[in-house]
Each structure stands twice: as structure tokens, then as C-alpha cells.
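The structure appears right after this line, and notes come after that.
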Amino acid sequence: LHMRFKFVTDAIVPGRPSFQIGHHMMSLAYNKEGGYHLILPGEKKVRFSEPNAEMKINEWVDLVIEYQQGKILLNVNGHSRIYEHEQVTMDNKKDKQGPRFSFKSKDSTEERLIFDYVRIWETE
């Protein structure tokens, strides 16, 4: 996946805004002080923080995701990192629609999500 998006909002609140990689699975969210954190699913959630990635609300985010079960590459505005962990998964057995991406925002008419580029591909 390669896309550019921007959350236009007045503030970061707990859990919002965020981007879910696999519905209710991995969560990519903003750090208040800048950068992002990635939360992996499971009974015991695993959290990685990337404060040096240039990711802020009200600014464009250029995001590349390369995924395979157990391994994911995230490139956020040129800051690239590979995460390898058994909890790296998009497979939500309870989701009848299958693996997908979800954006979560706070309940507000003031918040907007803007896209200007989206490309998705599959390789084997």
C-alpha cells in the first residue's frame, strides 16, 4: 500500500485518530509529541514507538506498507522500519469482511480525513 493522507483535527485524543491495518488488528496512531506508535493485537498487546518519524496531525503523511504474516514494513514520510513479530497480522477471524484497512477518528464534525493518493497491490 502507498498513500498520502491527512487528518485535519484540533487535537489527539486517546485512540484517535488512528489507522487500523486489518480491522481491529494492528493500530498505527499519532504520538502527541510527534511520530507514531504501532500496537499489535493479542491478549498481551505489543507496542512500538517511533518518535523520530515525521507524523503529525494536520500534516500530510506519506505512508508505505509492505505486509506479510509475521512481518511488516512501515515507511512514514521517509522514516522506514521493519517489524517482525508473531503478532503482526491482518487476519481477524471475527471480521466476516476479511482483511482491510480502517481509519478511526473522534466523534466530531470538525475532523476530516483527506486523501490525495492511494495505490494498493498484491504480490506473491
Side-chain angles (χ1 to χ4, degrees):
L1 169 75
H2 182 197
M3 73 172 140
R4 272 179 36 103
F5 68 93
K6 176 174 23 176
F7 270 105
V8 179
T9 185
D10 56 349
I12 296 170
V13 297
R16 304 287 189 266
S18 71
F19 172 56
Q20 291 180 352
I21 305 166
H23 188 60
H24 293 284
M25 299 308 286
M26 295 179 283
S27 178
L28 178 67
Y30 293 83
N31 290 335
K32 285 190 177 188
E33 59 281 350
Y36 70 84
H37 57 273
L38 175 68
I39 301 172
L40 303 181
E43 286 184 34
K44 186 174 182 179
K45 304 248 186 257
V46 175
R47 181 183 170 117
F48 299 97
S49 185
E50 288 295 327
N52 296 325
E54 297 292 324
M55 186 169 154
K56 297 179 181 174
I57 57 171
N58 301 311
E59 294 183 8
W60 287 106
V61 176
D62 187 78
L63 175 65
V64 174
I65 298 172
E66 294 184 17
Y67 165 82
Q68 67 185 48
Q69 187 71 24
K71 186 176 182 179
I72 190 167
L73 172 135
L74 296 178
N75 184 309
V76 177
N77 293 330
H79 181 87
S80 193
R81 180 153 177 209
I82 296 172
Y83 301 91
E84 291 187 65
H85 194 279
E86 63 187 15
Q87 290 172 225
V88 170
T89 185
M90 289 182 67
D91 189 22
N92 181 343
K93 306 259 189 261
K94 296 177 185 175
D95 188 356
K96 299 198 185 318
Q97 295 181 23
R100 57 190 162 131
F101 301 108
S102 303
F103 286 88
K104 301 287 183 166
S105 63
K106 57 188 177 183
D107 294 329
S108 167
T109 57
E110 304 292 316
E111 189 166 276
R112 294 183 304 138
L113 173 60
I114 303 168
F115 296 92
D116 78 345
Y117 180 83
V118 178
R119 185 178 79 174
I120 190 166
W121 65 94
E122 182 177 2
T123 62
E124 296 196 23

Can you check whether [Y]'s main-chain N or O pairs, donor with acceptor, with [X]'s side chain at less than 3.5 Å?
X	Y	answer
Q20	M25	no
Y83	L40	no
N92	H23	yes
N77	D62	yes

Residues 52-61, side-chain donor-acceptor partners within the protein, below 3.5 Å, at least two apart:
from: N58; atom 1: OD1; to: T9; atom 2: N; distance (Å): 2.9
from: N58; atom 1: ND2; to: T9; atom 2: O; distance (Å): 2.9

Using 0.5 Å steps for rounding, measure from the [atom1] atom of [X] to the [atom2] atom of [Y].
X	Y	atom1	atom2	value
M90	I65	CE	CD1	7.5 Å
L74	R81	CG	CZ	9.5 Å
N75	H2	CG	NE2	8.0 Å

Do [X] and [Y] land in one hydrophobic cluster if side-chain heavy atoms of ILVMFWY residues count as linked below 4.5 Å?
X	Y	value
L38	L73	no
I120	F115	yes
L63	V88	yes
L113	F19	yes

T89 and M26, any side-chain heavy atoms less than 4.5 Å apart: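 No - every pair of side-chain heavy atoms lies 4.5 Å or more apart.
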Y117 side chain reached by R119 side chain, heavy atoms, under 4.5 Å: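 R119 reaches Y117 side chain to side chain.
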Just to verify, what does H79 make a ring pair (Phe, Tyr, Trp, His ring centres under 6.0 Å) with, not counting sequence neighbours?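 Applying ring pair (Phe, Tyr, Trp, His ring centres under 6.0 Å) to H79 gives none.
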Under the ring pair (Phe, Tyr, Trp, His ring centres under 6.0 Å) test, residues paired with F5 that sit two or more places apart: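 Checked F5 against ring pair (Phe, Tyr, Trp, His ring centres under 6.0 Å); matches are F103.
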Specify the closest pair of heavy atoms between [X] and [Y], including all atoms of both residues, with the distance to one decimal.
X	Y	value
F7	S18	CZ-O, 4.0 Å
L1	M3	CD2-CE, 3.5 Å
S49	N31	OG-ND2, 3.3 Å

Are V76 and E50 close enough, and set up right, to give a side chain to side chain contact (heavy atoms under 4.5 Å, CB included), and what steps lead you there? CA-CA 10 Å; V76 177; E50 288 295 327; over 6 Å; no
If we check side-chain contact (heavy atoms from CB on, under 4.5 Å) with F101, which of these qualifies: I21, L28, V118?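 Only match with F101 under side-chain contact (heavy atoms from CB on, under 4.5 Å): I21.
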